[in-house]
Amino acid sequence: ININTVGGKVENLLLKSASWVQEQRKAGNNPKYIVMDPFNMLSTGAKVSGYEKAEEILRQLTHFSHQMDIMVILIAHPFKMKKDEKTGEYEIPDFYSVKGSSAFFEMSYHGMTIYRTNGMVLVRILKVKQNNLGDAGSDVWFLYDKQSGRYIPCDEEGLEIAGDHRDKNWLNKIK
């Protein structure tokens, strides 16, 4: 969606998104999710504080998700993180690292953070509403394989984990 024509008001973005989802479904497609990035550029149109803004945006996204039967993935970039004095690494962000943070923890069904360090990527699960979908507090590490353009699962030391991701020539398999 071109925000230059629609603007950053979440209501307008959701109306445009609903129209797109309906068009896709009419055409025989079945979109599963919509990604909105970044959160800090969304507005409600009202003059409200950070917490109230976050709460209203999350409320609208949740209603949209339920009404349209589609997952909404909201990318929320953290504020500037502090560096650990001993390691020189930035702290790992969580729900409370975003403006209006307590609304994210209270209102989100699921949440995760993605953190890069030492050439590796950490994906940490912050919240899972339904236990059968995973465990909050779980960590998964990845290395980026430049040749294939894929993230390869690894352990904390960067050693590749065995699995079907090993066949890195996936581009040759596309029909």
Side-chain angles (χ1 to χ4, degrees), residues 1-4 7-10 13-14 33-62 64-65 71-166 168 170:
I1 299 171
N2 185 346
I3 63 165
N4 291 328
K9 190 174 176 187
V10 70
L13 291 167
L14 293 177
Y33 58 88
I34 290 176
V35 178
M36 298 188 118
D37 180 21
F39 162 74
N40 65 335
M41 295 302 290
L42 298 177
S43 70
T44 61
K47 300 279 185 205
V48 292
S49 70
Y51 175 83
E52 291 169 326
K53 173 189 169 188
E55 195 175 62
E56 182 56 29
I57 289 171
L58 292 171
R59 186 178 295 108
Q60 287 187 39
L61 295 180
T62 301
F64 174 84
S65 175
M71 177 183 267
V72 178
I73 299 170
L74 178 63
I75 310 296
H77 301 273
F79 49 74
K80 179 105 171 143
M81 301 301 294
K82 294 178 186 172
K83 281 190 178 184
D84 183 291
E85 292 178 17
K86 293 178 185 173
T87 65
E89 294 285 325
Y90 287 102
E91 293 177 1
I92 299 172
D94 60 17
F95 278 124
Y96 299 104
S97 304
V98 179
K99 190 172 184 179
S101 58
S102 59
F104 279 93
F105 182 78
E106 293 166 7
M107 297 180 71
S108 295
Y109 283 22
H110 311 285
M112 69 180 188
T113 190
I114 300 174
Y115 176 75
R116 283 184 237 137
T117 181
N118 299 326
M120 296 173 37
V121 176
L122 166 67
V123 176
R124 176 170 287 166
I125 306 304
L126 300 174
K127 183 177 181 182
V128 181
K129 183 173 180 172
Q130 297 151 328
N131 290 340
N132 64 320
L133 297 176
D135 296 317
S138 298
D139 290 347
V140 182
W141 291 90
F142 296 92
L143 282 171
Y144 181 69
D145 182 67
K146 193 172 186 176
Q147 185 177 1
S148 68
R150 297 182 86 180
Y151 286 91
I152 307 298
C154 65
D155 62 19
E156 286 184 58
E157 284 77 41
L159 299 173
E160 185 176 329
I161 296 173
D164 62 358
H165 58 275
R166 291 180 166 275
K168 298 179 179 115
W170 61 276

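All values below were derived from every heavy atom in this structure, side-chain atoms included, with hydrogens, water molecules and symmetry-related copies excluded. Just so it is clear, the structure is predicted and the values come from calculations on it, not from any experiment.
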[X] and [Y]: which non-hydrogen atoms are nearest, and at how many Å?
X    : Y    : answer
P38  : H77  : CB-CD2, 3.4 Å
Y51  : A103 : CE1-N, 3.4 Å
D155 : M120 : O-CE, 3.5 Å
V98  : F79  : N-CE2, 3.8 Å
V128 : A136 : CG2-N, 4.0 Å
K127 : E106 : NZ-O, 3.6 Å

Which of parallel (below 30°), tilted (30 to 60°) and perpendicular (above 60°) describes F104 and F95?
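Aromatic pair F104/F95 classed parallel.
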Can you list every salt bridge (Lys or Arg N to Asp or Glu O under 4.0 Å) pair that touches residues 35-58, not counting sequence neighbours?
E55-R59, E56-R59
A side-chain contact here means heavy atoms from C-beta on lying under 4.5 Å apart; do [X] and [Y] qualify?
X    : Y    : answer
I34  : F64  : yes
L122 : T113 : no
W141 : E157 : no
L58  : L74  : yes
T62  : Y109 : yes
V121 : Y144 : no

How many angstroms lie between atom [atom1] of [X] and atom [atom2] of [Y], to the nearest 0.5 angstrom?
X    : Y    : atom1 : atom2 : value
L143 : L159 : CG    : CG    : 8.5 Å
M41  : I75  : CE    : CD1   : 15.0 Å
L126 : F105 : CG    : CZ    : 9.0 Å
K82  : Y90  : NZ    : OH    : 13.5 Å
D135 : I125 : CG    : CD1   : 9.5 Å
M36  : I1   : CE    : CD1   : 6.0 Å

Within 6.0 angstrom of M112 CE, more than 12 heavy atoms from elsewhere
no
Is the number of heavy atoms from other residues, nucleotides or ligands within 6.0 Å of CE (M81) greater than 12?
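Yes, CE of M81 has more than 12 neighbouring heavy atoms, counting only those of other groups under 6.0 Å.
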Suppose we screen for salt bridge (charged side-chain N to carboxylate O under 4.0 Å, His left out). Which residues come up paired with D139, at least two apart in sequence or across chains?
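Listed in chain order: R124.
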